[in-house]
Amino acid sequence: MTASSAGADETASTAPDQPPARSDGRSDFTRLPPTIDLPATEQAILELWDDIDAFEQSVQQRPADDEYVFYDGPPFANGTPHYGHLLASTTKDVVPRYWTMRGHRIHRRWGWDTHGLPVEMKVEEALGVRGPAEIEEFGVAAFNEACRALVDQTADDWDYVVRRLGRWVDMDHPYRTMDTDFMESVWWVFDQLWDKGLVYRSVKVLPYSWGATTPLSNFEANLDYRMTDDPSIVVRMPVVAGNDTVPDGDDLLIWTTTPWTLPGNLAIGAGRDVTYARVRVDDDGTTRHQWLATDLVETVLPDGDVVATASGADLLGVQYQPPFDHFGEERDRGAFRVLAAEEVETDEGTGLVHMAPAYGEIDFLTLREAGLDVLIDYVDADGRFTELVPEVAGVNIKEADSTLLRLLGDAGLVVSSGTINHSYPFCYRTGTPLIYKAVPTWFVEVTKLRDRLVELNHDIHWVPEAIGEARFGNWLEGARDWAVSRNRYWGSCIPVWECEACERQECLGSIDELEERSGQRPDDLHKHVLDPITYPCPDCDATMRRVPEVLDCWFESGSMPYAQLHYPFDNVEQFEATFPAEFISESLDQTRGWFYTLHVLSTALFDSPSFRNCVVSGMILAEDGRKMSKSLKNYPDPGHLFDSYGADALRAYMMDSPLLRAEPLRFSEAGVRQIVRTVLLPLWNVVSFFTTYAEADGVSMADLAEAPAPADRPEIDRWVLSVLQSLVADVNREMEGYHLNRVVTPVLGFIEDLTNWYVRRSRRRFWRSGDVERADTLAAFATLYESLTTFARVLAPVLPFLTEHLHQVLEVAVDDDAPKSIHWTDFPQADESLIDTELESAMATVRSIISMGRHLRTSNDLRVRQPLRTLTVITRDPDVAAAVASHAGLVTDELNVREVVVRADEGELVSLTAKPNFRVLGPRLGAEMGAVAGGVAALSHEDLAAVADGGTVEVAGHELGRDDLDLRRDPNPGTVVEASGPLAVALDTTLDRELEVEGLARDLVSRIQQVRRDLDLDVSDRVVVGWASDDEQVREAFARHGDQIASEVLAVEITADDPTADVEVDCGVGPVSVSVTPVD
RNA sequence: GGGCCCGUAGCUCAGCUUGGUUAGAGCGCACCCCUGAUAAGGGUGAGGCCGAUGGUUCAAGUCCAUCCGGGCCCA
């Protein structure tokens, strides 16, 4: 796959009409075909990297004392990689590759998130056990070992994909959250929080399955929603201590679908801003006044009369009589009052919310917010009422509904009663209805850290910036305490031991501490190993047992900076030298995930952020705008993309997308294909072009070394080198700012400049048989060589494969001292001395003139081969005039005109018109803008010409100068003129015999070249051309332009009236035949 | 329900921070050119009530409000 100089010998050409090369005439380069099999090339590069140990070397070659720290955010070790992972892996590869090339040593250690519910669920499925009860019956030890085995076996899929993508990361020495060292550090982290008083145990209202006698995760709770019938009742609660708005004896109406929670009612929630109505109802001769949200009067009390309204705020504090009076003593602690609740809905129910804090999270939080630290839980683990509610003690809560309803009815409290058919969660394992129930839970007191979290967030450079301010910042400001315990099995354990008798609690921070207490030193810290380890209570000598919960696996992810190094038990110096990380990157969904937990833990432990730069990427959607879905098959298989287009294309496609601005991308295979067509193939074509002519011309590295210095090269060379150096400066600036999405677009622009302008304009200079100076040829080769090698390095982080291939072909193959991989080289730094902004802008002007000239040719049906006399550029802008003057040859050549002239006055070709410069005049004129705009439109060409020359004109009482107007040039009717901005170009379309014959000569060249191609001649083969024609113009063309034709088609001789001329060619004139015979 | 984000040409996206009157690019499409990069290359053209409505302003794709559709996270 790499070019070797050995194969170049036999094809070196020695053109007879050229001075001998100063080298031995042999090229160091071997011609490469214009087509390339990108996937196959990438495979070969992968092997090359293995052979030279490219990744490891790229790290080791950089100084150990100049480390750049990157943290890998671990993927869950289950399932196979999807596009989100490919995106993350690309970002996590591009940035470290760049900073490596900038001279830093970057260890890139892969991480595996091994714990948590997804793994457990998979194992449950595989083992055929479902839910906690069955797991415990099956045996926690066996279950956990099955989880461990599953994690071990998922690594292989990843290995292939990550390698194929070209990501350099050490997967042989990953950190894994299930390794004992990692888990011990997690203990240490937890113990630090404990010592700082940031850990407490409280309760959290969770989905609970009485069938499985266990709380479930939200994920599990969502697994089995069913439509089901439940009671739907409205109950009145009489006011016993009202206020100015709500008199004693009025009723507050609440609605519930869970009558079993009514005995637990401790408060009623009202929305402060909700409007409530006092409704008079006459029922069986009794008149009642009942309160509910105004919006719901129609629905709940259609026969009532609204007699008053009040806002929710007016209801607060009103005391009422609960429907079951088992916990009356709670009134002294603030219960049975109307409290302010958030998010009160008024589209169903009554707008007054029944609150049973043990059985609803909102209820719990609302009461706590109001300072009511009360919790009544009368439901046992099996879902039965306890003795706290004697009427139904021992009865399943759902089955008690009818009894409770009857009791309420007897008490005259039921306002309405019916059933509702709604979606309700069921236990995915036992099929029993889920309830919400307060469960003991461990918390980290994040609220105490909140201010510091917000402050330290200001030290983090977020890309895009708004994420840090808005999304993450808001989240931090609203942070609540973090529930870190899970009632599960496969995870790090909460390292708290508790005395059975006296409830003494001890948090252990290391295995050493465990050994001190218990005399045991386990080599594994999973639940099934730890739970049997007990020790006597230092206070009362009873047994200390570990609390049963495991840790939220996000706690481990957030502990990763410490735990991956087994800090503080090992690597203390290394940790201190490398914390916090320079760079991390994940997608938007990690705002509340990894980004958050990293930040919370490092703030708590070290009062520091844990990362300095964070690139947040968007979510990848399928092409139809929906989520990528395996069942819908609405996205291409990554393997198919690798095989069809290669990893470089996929990488560049993702980098050059809204994803790097944290916006969603509709993933499209066509987009990947487009990268191949617009980036990879054109770039490769240039390489092929270079090697083809370097070989044909026998250009060697020694020759390139003799090329003129850049400052002494032709303008087109200096231009492309200037553009390239500007690009280098831009790319460095954007990479330093982590704006990865701003890298590919300017790169595309350079490819356009290089291929469609530099190579196209310079093509003849590479062709030694042409009539060009040796120095000029070498300047062109050297410029193109330098451009390609520099450009390859600029692109190396994004396109590691193709650029490596270029490096091998253009550098390694010709220079024994070249670094063996492009990824071992240094990233280019802009050479300011090569940047000539005036030249760049002059060239841009000239290109725009040429583009306008082409337009004129097209619209007047004049083929480019037909020479024309004159192109006139009309401009009053001295910069434009200067640009044309210094590039006149370029314009005449590109547009095939004899001369280009510049003039300032528009004459009869163009009329000046103007629009107001709104940006300038708007603020000055305000409402008069409209009148002035009308006046400006009516200005004459002469008025405007005066303004264009620096004068002024009065419009609607305002003096307007050149900066106040936006001058345009409109072609006058009947002219061949194109106008844009400060200039116009006019084409003289007059043809005469001389021009026509010259055009014909060019056509003849083109036709003869086609014959050469048909004969499969090599680009440097010499020929004898014969021709025969009676056409007068043809004879004249050969007579007057024969030398030129011969030179163009490499004819050593042209024979007129050749009887062997038998190839008919069509030049739009009389019949012509030619013959082309190679000579050797 | 809340926070953040997206909605511009058939498709994928610029432009929105800092409002300025002719809204750009690429792909696709149509037509043309070139034929010594050739299973390439170049040019030209058609194609848009800038998600909707209301507001601010001399002026709104751009700012504000509401709504609709989609996404992520949270409830």
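Per chain, numbering begins at 1; letters A, B, ... match sequence-line order. Note that this is a predicted model, so its numbers are computed, not measured.
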S.K.: For a quick check of understanding: with a heavy-atom distance under 4.0 Å over all strands, which category does Val1049(A) fall into, base, sugar-phosphate or nothing?
M.R.: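 Since a base atom lies under 4.0 Å of Val1049(A), the category is base.
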S.K.: Starting at the 5' end of RNA chain B and moving along, which residue's nearest nucleotide shows up first, Glu752(A) or Pro33(A)?
M.R.: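 In this pair, the answer is Pro33(A).
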S.K.: With sugar-phosphate meaning primed atoms plus P, OP1 and OP2, does Ser1006(A) contact a base, only sugar-phosphate, or nothing at under 4.0 Å between heavy atoms?
M.R.: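 Since only primed, P, OP1 and OP2 atoms lie under 4.0 Å of Ser1006(A), the category is sugar-phosphate.
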S.K.: How far, in whole Å, is G55(B) from G45(B) if one measures between their C1' atoms?
M.R.: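 Approximately 40 Å lies between the C1' atom of G45(B) and that of G55(B).
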S.K.: Give me the distance, rounded to whole Å, that separates G51(B) from C68(B) when you measure between the C1' atoms they each carry.
M.R.: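 So the two C1' atoms sit 7 Å from each other.
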S.K.: Once the angle between the rings of Trp475(A) and Tyr596(A) is folded into 0 to 90°, is it parallel (under 30°), tilted (30 to 60°) or perpendicular (over 60°)?
M.R.: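 Perpendicular.
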S.K.: Considering every strand and a 4.0 Å limit on heavy-atom distances, what is the contact class for Phe472(A): base, sugar-phosphate, or nothing?
M.R.: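 The answer is nothing, as Phe472(A) stays clear of every strand by at least 4.0 Å.
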S.K.: With rounding to whole Å, what would you report as the distance between A46(B) and A9(B) at their C1' atoms?
M.R.: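 Comparing C1' positions in A46(B) and A9(B) gives a spacing of 11 Å.
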S.K.: Does the pair Asp753(A)/Arg847(A) count as a salt bridge with the N-to-O cut at 4.0 Å?
M.R.: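 Judged by the 4.0 Å cut-off on N to carboxylate O distance, Asp753(A) and Arg847(A) do form a salt bridge.
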S.K.: Could you check whether Phe766(A) and Phe690(A) have their ring centres less than 6.0 Å apart?
M.R.: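 Here the rings of Phe766(A) and Phe690(A) have centres that are no less than 6.0 Å from each other.
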S.K.: Quick check on A37(B): is either OP1 or OP2 less than 4.0 Å from any side-chain nitrogen or oxygen of Arg763(A)?
M.R.: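 Yes, within the criterion.
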S.K.: Could you go over nucleotides 61-67 of chain B and give all protein N or O partners under 3.5 Å, atom names and distances?
M.R.:
none

S.K.: Has the side chain of Arg863(A) got a donor or acceptor that lies under 3.5 Å from a partner of the other kind on the base of C32(B)?
M.R.: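 Side chain to base: no pair present.
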S.K.: Using distance alone, with no hydrogens and no angle criterion, decide if Asn860(A) and Thr989(A) have a side-chain donor and acceptor under 3.5 Å apart.
M.R.: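 Asn860(A) vs Thr989(A): no donor-acceptor pair found between side chains.
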S.K.: Applying side-chain contact (heavy atoms from CB on, under 4.5 Å) between Val615(A) and each of Ser585(A), Pro464(A), Ser587(A), report the one that passes.
M.R.: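 The single option meeting the side-chain contact (heavy atoms from CB on, under 4.5 Å) with Val615(A) is Ser585(A).
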S.K.: Would one find a side-chain N or O of Thr35(A) under 4.0 angstrom from OP1 or OP2 of A37(B)?
M.R.: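 Result: no.
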S.K.: With rounding to the closest Å, how many angstrom separate the C1' atoms on C73(B) and G42(B)?
M.R.: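 These two C1' atoms come out 49 Å apart once rounded.
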S.K.: Which nucleotide wins on minimum distance to the side chain of Val759(A), given the candidates U38(B), G45(B), A37(B)?
M.R.: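 Within the option list, the nearest is A37(B).
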S.K.: Using a cut-off of under 3.5 Å, enumerate the N/O to N/O pairs linking the protein to nucleotides 26-31 of chain B.
M.R.:
from   : atom 1 : to        : atom 2 : distance (Å)
G26(B) : O2'    : Gln674(A) : NE2    : 2.1
G28(B) : OP1    : Arg677(A) : NH1    : 2.8

S.K.: At their closest point, which heavy atom of Arg857(A) faces which heavy atom of Asn896(A), and how far apart are they?
M.R.: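 Reported closest heavy-atom pair: NH2-O, 3.0 Å.
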S.K.: Reckon Thr692(A) touches a base, only the sugar-phosphate, or nothing at all at heavy-atom distances under 4.0 Å?
M.R.: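 The answer is nothing, as Thr692(A) stays clear of every strand by at least 4.0 Å.
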S.K.: Measure centre to centre between the rings of Phe667(A) and Tyr653(A), then say whether the value is under 6.0 Å.
M.R.: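 Yes, close enough.
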S.K.: Pairing of RNA chain B as dot-bracket, 5' to 3': ( ) intra-strand, [ ] crossing, | other strand, . unpaired, with Watson-Crick or G-U pairs under 3.5 Å?
M.R.: (((((((..((((......[...)))).(((((.......))))).....(((((..]....)))))))))))).
S.K.: With rounding to the closest Å, how many angstrom separate the P atoms on C63(B) and C16(B)?
M.R.: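 That atom pair is separated by 9 Å.
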S.K.: How is Gln1010(A) classified with respect to the nucleic acid when contacts are heavy atoms under 4.0 Å: base, sugar-phosphate, or nothing?
M.R.: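 Gln1010(A): backbone/sugar contact only, no base atoms under 4.0 Å.
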S.K.: Which is true for Arg1002(A) with a 4.0 Å heavy-atom rule: it touches a base, it touches only sugar-phosphate, or it touches nothing?
M.R.: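 It contacts nothing in the nucleic acid.
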S.K.: Which value, in whole Å, describes the distance between the P atoms of nucleotides G47(B) and U56(B)?
M.R.: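 Roughly 34 Å separates the two P atoms.
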S.K.: Could you tell me how far C29(B) sits from G10(B) if I compare only their C1' atoms? Round to whole Å.
M.R.: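 Straight-line distance between the two C1' atoms is 9 Å.
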S.K.: Would you mind telling me which of Val1049(A), Val1063(A), Leu1015(A) makes a side-chain contact (heavy atoms from CB on, under 4.5 Å) with Val1076(A)?
M.R.: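 Exactly one pass, corresponding to Leu1015(A).
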S.K.: At under 4.0 Å between heavy atoms, what does Asn474(A) touch on the DNA or RNA strands: base, sugar-phosphate, or nothing?
M.R.: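 Since only primed, P, OP1 and OP2 atoms lie under 4.0 Å of Asn474(A), the category is sugar-phosphate.
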